[in-house]
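For reference, the structure discussed in these notes is given below.
Ligands are counted one by one from 1 in listed order, and the atoms in each one are counted from 1 as well. When reading the values below, keep in mind they use all heavy atoms of this one structure, side chains included, and skip hydrogens, waters and symmetry mates.
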Amino acid sequence: MFLSVFDVFKIGVGPSSSHTMGPMTAANRFLDLILSDEWPRPSSGAQVASIKVSLHGSLAHTGIGHGTGRAVVLGLMGEQPDSVDPDKMDGIIDGVERSGRITPPGHPAYQFQPKVDLVFDKKQPLPGHANGMSFSAFDRDGRMLLRRIYYSVGGGFVVTDTELEGMRTKKKASSDLAKVPYPFSSAKQMLDMAARSGLSIAQMKRANEESHRSREELDEGLDRIWAAMRSCIERGLKVDGIMPGGLNVRRRARAIHDKLQEEWRSNRINPLLANDWLSVYAMAVNEENAAGGRVVTAPTNGAAGVIPATIRYYEHFHDDWDQKGIRDYLLTAAAIGGIIKHNASISGAEVGCQGEVGSAAAMAAAGLAAVMGGTAEQIENAAEIALEHHLGMSCDPVAGLVQVPCIERNALGAVKAVTAASLAIKGDGRHFVPLDACIETMRQTGHDMSEKYKETSTGGLAVNVVEC
Ligand code: SF4
């Protein structure tokens, strides 16, 4: 499937793209379906009077910590991830709980009592994917009129069971790809096309994007993404206190930032200067994400800190940075993210954290290698190094919250990404493990990984850390 840069980088809210943004989007899709002609109306003329939702698999296991139930309620009220006001969310949810009704714009009121009509079904996973949701609509006599299954497949993407089947057969994927000038779906194809065309990866990706929108729209959208990422860093560096969810984890980015600024002012030599700044930028984003603030999927919310941290590092430490460099960075990173999503997964519930922070680090390394003047081969090498050294990483968030190990993991992912880009740039692009082989290894490793380590919080740190 052609995956636009705007599919990879989506402005939304925390704490999770698959467990928060995806379910909110699914609820909106179900509301649209109710109003559409896509289902047979009963001859009795009965209308939809109430809605019920059940969450399955990983969504049931870690949905409470990830705010999935809240996201469903907000989605059923017509709120969208990119426009919902984080400061108004609590009030909207309180209103639904008090009234037992949802009132989405353009619809009549439907009965929906979150404590009764929203079920976290840990016993029965749905067959298509670990993040399954079932939405049902009933008439006033309790007869079911409509039921639809959705899957949240990572990075905020939502598909129906039929669409999921189409993705797996890859029929639609090939027809979508054929519509762009550089239809690469593997790293090898990308390198071959770059060699034949004489274009960089960013230029090929730009040409693909511009077959769907104007250059002005593309550049404006890329600038908007970076502005949202940058303001997320700035907000995260200003706030301290305890993050929500009950783990009592303290926000640390602000205090570390204060120390780094003090060091800077007093000209103290810090041999780990770049690492410290990278880490604090990444932690600022992921603390914002954990607090339910405005973030950009990159490629997911849990891994949202790696790419902004490395772009901010590029601005901070590379004197030759410019706006064009940031656009090229985002286009290159999106090209790599698209290849990973097409051939493996960016979902922690499918392949563990290697698919989230590992993919983010590969994308960031590629973007950075591009703006450091890397060739297509060096960029592919940078992505491979970063991904290779995340292989096997499990997803085991303590208490189902996107806090531990996620926040620090983004800091370390950013450091690895910069190291990978630097190593690749110092080579000539020739290397031992092709990126495609590394992506396939991630897919197989994720497939073999126990469900305990795939965003269910039933293994790893999630069961060995005593909550206090
Ligand atoms: S451990 Fe990794 S994959 Fe799992 S929720 Fe945290 S960031 Fe996402």
Task: Numbering as shown, the atoms of ligand 1 that approach R409 to under 4.0 Å (heavy-atom distance) - done: 1 (S)
- [ ] Answer yes or no: is there an ion pair linking E451 with K454, defined by an N-O contact shorter than 4.0 Å?
- [x] yes
- [ ] Apply the test side-chain hydrogen bond (donor to acceptor under 3.5 Å, both in side chains) to residues T458 and H61: give CA-CA distance (whole Å), side-chain angles for both, the deciding distance (0.1 Å), then the verdict.
- [x] CA-CA 8 Å; T458 54; H61 282 285; 5.9 Å; no
Open item on the list: Could you tell me if S4 and H212 have a donor-acceptor pair between their side chains, going purely by distance under 3.5 Å?
Closed with: no
Would you tabulate the side-chain donor-acceptor contacts of residues 346-369 under 3.5 Å, counting partners in other chains and residues two or more places apart, or write 'none'?
residue, atom, partner, partner atom, Å
S347, OG, A349, N, 3.2
S347, OG, E350, N, 3.3
E350, OE1, S345, OG, 2.5
E350, OE2, H129, NE2, 3.2
Q354, OE1, G392, N, 2.9
Q354, NE2, V351, O, 2.9
Q354, NE2, M442, O, 3.1
E356, OE1, T300, OG1, 2.9
E356, OE2, G348, N, 3.0
S359, OG, G355, O, 2.7

Let me have the donor-acceptor pairs involving side chains of residues 419-427, under 3.5 Å, with sequence neighbours excluded, atom names and distances please.
residue, atom, partner, partner atom, Å
T419, OG1, V415, O, 2.8
S422, OG, K426, NZ, 2.8

Task: Y313: ring-ring contact (aromatic ring centres under 6.0 Å, His included) partners, not counting sequence neighbours - done: F317, H318
TODO: Classify the ring geometry between F30 and Y150 as parallel (under 30°), tilted (30 to 60°) or perpendicular (over 60°).
DONE: perpendicular
- [ ] Report, as a single number, the protein N, O or S atoms less than 2.8 Å from atom 4 (Fe) of ligand 1.
- [x] 1
Task: Part of M393 within contact of ligand 1 (heavy atoms, under 4.0 Å) - done: neither
